[in-house]
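Structure record follows, encoded as structure tokens.
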Amino acid sequence: MVVLVWTFSIASPIVETVLSDRQHYVEGKTSTVALAVALDNLGAIIVPVVAVATTLFAGLFWRVTAPSLLLVIAPGLVLAANELAHGRPPTLGLLITAAVGALLVSVRVKMPDLAAVGYLGALVAAGSIAAFYLAPSKVLISGGVNTFDKSLTGAPLLAGIFTHSNVFGMFLAFALPFVFLARRWPVRLLLFVVIAWALILSSSRTALGGAAVVVAVLLLVRVLPRSVFAPVAVVGFAVSVFAVFWLPFSETDPEAYTYRGSIWIFDRQQLGDHWVFGLGAHWFADNYLLLRSVLSSAASHAHNLVLSTLVQGGAVVLIAWGVLIGAAFFATLRRRSALQRGVGVAFVLDLLVMGATETPFGLVGWGPLSAPVLIPLFVLAGQGWIEREEDEFARAVAAADPPSTRASMRAKRR
């Protein structure tokens, strides 16, 4: 299921990379590659159908953990209900996240299964690095004909299968923690080196900052005892949450953070007193021409997780996502395995750190960053109740059929 949902995220970008010309790419422009659009539309139908069918089957013939299911579908359902409150019918794209969450919880994807996220992320990185040398016009921003001051290597920026190096970098940074779930350390090292190499070629400072947080957390979990690591992680979580809220609402310099300041100021003004229900899930798309003319082509979102969510869904949707992220963090912090504890905490802090200056995933539809963000987030948030239920079921079975002693076995034979 992880591979299925992951494929939904990258199939369209791969097709667009192969068939489009990067030299004429315009930021913010919707894809004109017919096959890529068709794959997006097909996935938007297949994934919800598979999710509903799987959830019903699991509920009828196996079992579905209700608290986990409600937790992962709540943000999508609240966003859809919010659209109704605005007097607009909810679109199928608003329910994609809920469908994927239900699918992952129904088939009981566990944290060890998330090693697939690391493998697949490294595969995308390796393919992009190979294309960097073999077919650079396909994987470099502007086809490699332009130079950028932000490049760390002096070379054109690697965007991989995506249209921008920041998207590519964040994609890899979100996959990075899960390479450490690979069973053998040589494999972990290889996956880590490949992703790190691609990250450097992307020169995405946001992604490199998130990767630095991942490495720091995984080092701390190895050297600190659990009694010390837990409070340190909680402090890191609190600071990250504060930063992702404070940054866009305190900034007054339009040129700050590579002109993100101007986007934050404008979006705050547009939000006005619509804090509770926001301006609508499709507000950025509906007003993109205005945003591009007033700000820039990069203004298709608020470049901040909190502000983007408030604009599109208001406080009601932000609370639903906040509960989900908090549940993922604290459920991970209670895990017995130090490695799994470190990987989960690293991912959540990675999400919050990058969410301070970028919008890590879209609320509408299933975008290129949805797979490496939402698959782990849903699994980490729902795992606590699922494992608790399985433990209770195992104890109940053991109590109903206690192990037979040798004496009782001899008595049964007689």
Side-chain angles (χ1 to χ4, degrees), residues 25-30 141-142 146-152 156-157 159 162-171 173 202-213 239-315 317-318 321-322 350-364 367-369:
Y25 166 71
V26 177
E27 185 173 13
K29 185 178 180 181
T30 304
I141 288 187
S142 300
N146 294 334
T147 57
F148 296 85
D149 294 336
K150 64 177 286 186
S151 176
L152 299 177
L157 303 179
F162 304 108
T163 53
H164 199 284
S165 59
N166 278 345
V167 177
F168 178 59
M170 288 192 292
F171 183 93
S202 77
S203 294
S204 171
R205 288 166 290 185
T206 298
L208 289 168
V213 169
V239 171
S240 300
V241 170
F242 174 79
V244 79
F245 274 89
W246 175 79
L247 199 59
F249 294 101
S250 62
E251 189 55 65
T252 57
D253 180 6
E255 298 183 5
Y257 299 95
T258 320
Y259 294 95
R260 286 175 175 83
S262 61
I263 295 175
W264 293 338
I265 293 169
F266 184 85
D267 288 348
R268 290 198 315 253
Q269 293 171 346
Q270 297 303 305
L271 184 61
D273 58 355
H274 300 281
W275 291 82
V276 178
F277 299 107
L279 300 173
H282 300 280
W283 185 84
F284 286 109
D286 292 342
N287 295 277
Y288 180 67
L289 293 179
L290 170 66
L291 294 168
R292 186 176 64 182
S293 62
V294 174
L295 299 168
S296 72
S297 60
S300 58
H301 57 93
H303 288 270
N304 174 270
L305 178 59
V306 170
L307 186 54
S308 288
T309 306
L310 284 174
V311 169
Q312 293 182 272
V317 176
L318 180 62
W321 281 109
D350 185 20
L351 170 62
L352 293 172
V353 167
M354 289 198 286
T357 56
E358 287 292 349
T359 306
F361 59 92
L363 301 186
V364 180
L369 292 179

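The model shown is predicted, which means the values in this text are computed figures rather than measured ones.
Nearest heavy atom pair, residue V317 against residue L363, reads CG1-CD1, 4.4 Å. Considering every non-hydrogen atom in both A173 and A211, the closest pair reads CB-N, 4.5 Å. The heavy-atom pair separating P368 from V167 by the smallest distance is CG-CG1, 4.2 Å. Between V353 and S240, the shortest heavy-atom contact is CG2-OG, 4.1 Å.
In this structure, N287 CG and S300 OG are separated by 12.5 Å, a value rounded to the nearest 0.5 Å. The structure places CG of L208 at 5.5 Å from OG of S202, a figure rounded to the nearest 0.5 Å. With values rounded to the nearest 0.5 angstrom, I263 atom CD1 is found 12.5 Å from R268 atom CZ.
Heavy atoms from other residues, nucleotides or ligands lying under 6.0 Å from OH of Y259 number 12 at most.
Under the 4.5 Å side-chain criterion, counting only non-hydrogen atoms from C-beta, F284 is not in contact with L279. Counting only heavy atoms from C-beta outward, the side chains of H282 and V364 approach each other to under 4.5 Å. The closest side-chain heavy-atom distance from F245 to L318 is below 4.5 Å. Inter-residue side-chain proximity for W283 and D267 is flagged as met; some heavy-atom pair is nearer than 4.5 Å. F168 has its side chain out of reach of L157: every pair of non-hydrogen atoms, C-beta onward, lies at least 4.5 Å apart. Residues F361 and L305 meet the side-chain proximity criterion, which asks for heavy atoms closer than 4.5 Å.
A donor-acceptor pair is defined here as one N or O able to donate and one able to accept, closer than 3.5 Å; such a pair exists between the side chain of H303 and the backbone of A298. Between the side chain of W264 and the main chain of A302, a donor-acceptor pair closer than 3.5 Å is present. The closest donor-acceptor contact from the side chain of S308 to the backbone of N304 lies under 3.5 Å. Side chain of Y288 to main chain of S297: a donor-acceptor pair is present (N/O by atom type, distance under 3.5 Å, no hydrogens or angles).
Every residue meeting the side chain to side chain contact (heavy atoms under 4.5 Å, CB included) condition with T206, not counting sequence neighbours, appears here in chain and number order: M170, S204, R260, M354, T357, E358.
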